[in-house]
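Throughout, numbering of the chain's residues begins at 1 and tracks the sequence. The analysis underlying the following values was restricted to heavy atoms, covering all of them including side chains, and did not include hydrogens, waters or symmetry mates.
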Amino acid sequence: MTLPLVVGVDGSDSCLLAVDWAVDEAVRHGVPLRFVYGSLWERYEGALPGTGIGRPSEQVPAEHIMALAAKRAARHNPAVKVTTDIVPEDAATALVHEGDAAFAVVTGSRGRGRLKGLLLGSVGLAVAARARCPVVVVRGDRAGLSGTHERILLGLGDADTGSEALRFAFREADVRGCVLDVVRAWRHPAFGASGERSRAEEPAGASASALLDASLRAPAAEYPRVRTHRSVLEGPASKVLVNRSAAADLVVIGARRRSSHFGLELGRVGHTLLHHAQCPVAIVPQQP
């Protein structure tokens, strides 16, 4: 059975951008779309949906919101198969559960809550942190959302977070026919008392380069059509990836799984990208 691409729907403007992105993604991979509405979203974000009709959100039937999303998807590409479901759970919990049988979960970057200044809605952050499948938070500027850069950006982490993200990034680059930009960031040791950098700096950079080359060997053989651009850069990974996201259509990073109920360990890099990347962000959990 082909797993669907699940999209969180709430009627917000951000959600509509996520719907457009998800339609294109479903076409690339040949998978159906499943729109999910958590019926308890009003409890957490209760404000106006992005319909512009000025009524309180609790007065806007969930069926109406779902119908608008389905119509938008059909206008964007009528060939994509879409199913809808209204789940009696809060949005984050509903999407996390749906992710157990999903190709991936897609959310907008903001909900329809009153706190408009938030860089990332609470639902998107919770799903990215807890889901057991890849989660894509659709955000960024117009260029990043349009997919015209023809470049996927992968932030290569350590072995316990990187292999699933590697496969995901190579698969994305393969179906899009674009370049995969693989970046491994490293930090130089502290300056010595003389103000000069430690002699360990060069080995540290060489170690990062060796890790990158070794990590790419297997997926590069599996996806021979994918052109890769490899970079080992000195500096904080979060800053490096946010800067390079300005020239990417999607940035991909891995996440470490936890055995506790708290879910994934996103870390500083994940949080920074989810709030500041200039293109959609894919968080890919490392399977145990």
Val27 and Val80: CA distance, side-chain angles, deciding distance, side chain to side chain contact (heavy atoms under 4.5 Å, CB included) verdict = CA-CA 7 Å; Val27 170; Val80 176; 3.4 Å; yes

Trace of the side chain to side chain donor-acceptor pair (under 3.5 Å) decision for Ser12 with Ser14 | CA-CA 5 Å; Ser12 66; Ser14 176; 4.9 Å; no

Apply the test salt bridge (Lys or Arg N to Asp or Glu O under 4.0 Å) to residues Arg167 and Glu172: give CA-CA distance (whole Å), side-chain angles for both, the deciding distance (0.1 Å), then the verdict.
-> CA-CA 9 Å; Arg167 283 191 286 272; Glu172 283 294 321; over 6 Å; no

Worked verdict on Leu5 versus Glu25 for side chain to side chain contact (heavy atoms under 4.5 Å, CB included) | CA-CA 8 Å; Leu5 183 62; Glu25 183 75 352; 3.9 Å; yes

What do the steps show when you test Arg176 against Glu150 for salt bridge (Lys or Arg N to Asp or Glu O under 4.0 Å), and what is the final call?
-> CA-CA 8 Å; Arg176 294 167 184 249; Glu150 298 185 345; over 6 Å; no

Chi angles and distances behind the side chain to side chain contact (heavy atoms under 4.5 Å, CB included) call for Leu17, Asp13 = CA-CA 7 Å; Leu17 292 177; Asp13 294 335; over 6 Å; no

List the steps, then state whether side chain to side chain contact (heavy atoms under 4.5 Å, CB included) holds for Arg151 with Cys178.
-> CA-CA 5 Å; Arg151 182 176 296 268; Cys178 68; 5.7 Å; no

Determine, step by step, whether Asp181 and Arg230 satisfy the salt bridge (Lys or Arg N to Asp or Glu O under 4.0 Å) criterion, reporting the C-alpha distance in whole Å, the side-chain angles of both residues, the deciding distance to 0.1 Å, and the verdict.
-> CA-CA 6 Å; Asp181 185 10; Arg230 312 176 185 199; over 6 Å; no

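Residues forming a side-chain contact (heavy atoms from CB on, under 4.5 Å) with Lys239 (at least two apart in sequence, or on another chain): Pro236, Asn243. With sequence neighbours excluded, the residues satisfying ring pair (Phe, Tyr, Trp, His ring centres under 6.0 Å) with Phe103 are His29.
Nearest heavy atom pair, residue Leu273 against residue Val281, reads O-CG2, 3.6 Å. Here the shortest heavy-atom pairing between Val232 and Ala208 reads CG1-CB, 3.8 Å. Closest heavy-atom contact between Pro280 and Leu145: CG-CD2, 4.1 Å. Taking every heavy atom of both residues into account, Gly235 and Ala185 meet most closely at O-CB, 3.6 Å. For Glu89 against Ala94, the heavy-atom pair with the smallest separation is OE1-CA, 3.4 Å. Here the closest heavy-atom approach between residue Ala165 and residue Leu154 is recorded as O-CD1, 4.0 Å.
Leu212 and Val179 fall into different hydrophobic clusters, where Ile, Leu, Val, Met, Phe, Trp and Tyr are joined by side-chain heavy atoms under 4.5 Å apart, directly or via other members. Placement of Val106 and Val175 in two distinct hydrophobic clusters is found when ILVMFWY residues are connected by side-chain heavy-atom separations under 4.5 Å, directly or transitively.
Residues Val31 and Pro4 are not in side-chain contact: their nearest non-hydrogen atoms beyond the backbone lie 4.5 Å or more apart. Residues Leu95 and Val36 have side chains in contact (heavy-atom distance under 4.5 Å, counting atoms from C-beta outward). Within the 4.5 Å cutoff, the side chain of Leu180 has no heavy atoms near those of the Arg227 side chain. Residues Ser109 and Val138 form no side-chain contact, since every pair of their non-hydrogen atoms from C-beta on lies 4.5 Å or further apart. By the 4.5 Å heavy-atom criterion applied to side chains, Ile253 and Phe168 are not counted as neighbours. Using a 4.5 Å heavy-atom threshold, the side chains of Arg34 and Thr84 count as separate. In this structure, Val183 and Leu156 have side chains that are not in contact, with every pair of non-hydrogen atoms separated by 4.5 Å or more. Residues Val19 and His76 have side chains not in contact (no heavy-atom distance under 4.5 Å, counting atoms from C-beta outward).
Rounding to the nearest 0.5 Å gives a distance of 9.5 Å between CG of Asp10 and OG1 of Thr107. If you take SG on Cys279 and CH2 on Trp21, they are separated by 10.0 Å, rounding to the nearest 0.5 Å. Expressed to the nearest 0.5 Å, how far CZ of Arg72 lies from CZ of Phe35 amounts to 10.0 Å. Asp20 contributes atom CG, which lies 9.5 Å from atom SG of Cys15 (distance to the nearest 0.5 angstrom). Here the CG atom belonging to Leu153 is positioned 7.0 Å from the CZ atom belonging to Arg244, to the nearest 0.5 angstrom. Here the CD-CZ distance, from Gln286 to Arg256, works out to 9.5 Å after rounding to the nearest 0.5 Å.
Panel note: side chain Asp249, backbone His149; a donor-acceptor pair is recorded below 3.5 Å. Here the side chain of His276 pairs no donor or acceptor atom with the backbone of Thr272 at under 3.5 angstrom. Side chain of Ser215 to main chain of Leu211: a donor-acceptor pair is present (N/O by atom type, distance under 3.5 Å, no hydrogens or angles). Checking side-chain atoms of Thr93 against main-chain N and O of Asp90 turns up no donor-acceptor pair under 3.5 Å.
Salt bridge absent: Arg184 and Glu234 never bring a charged side-chain N and a carboxylate O closer than 4.0 Å.
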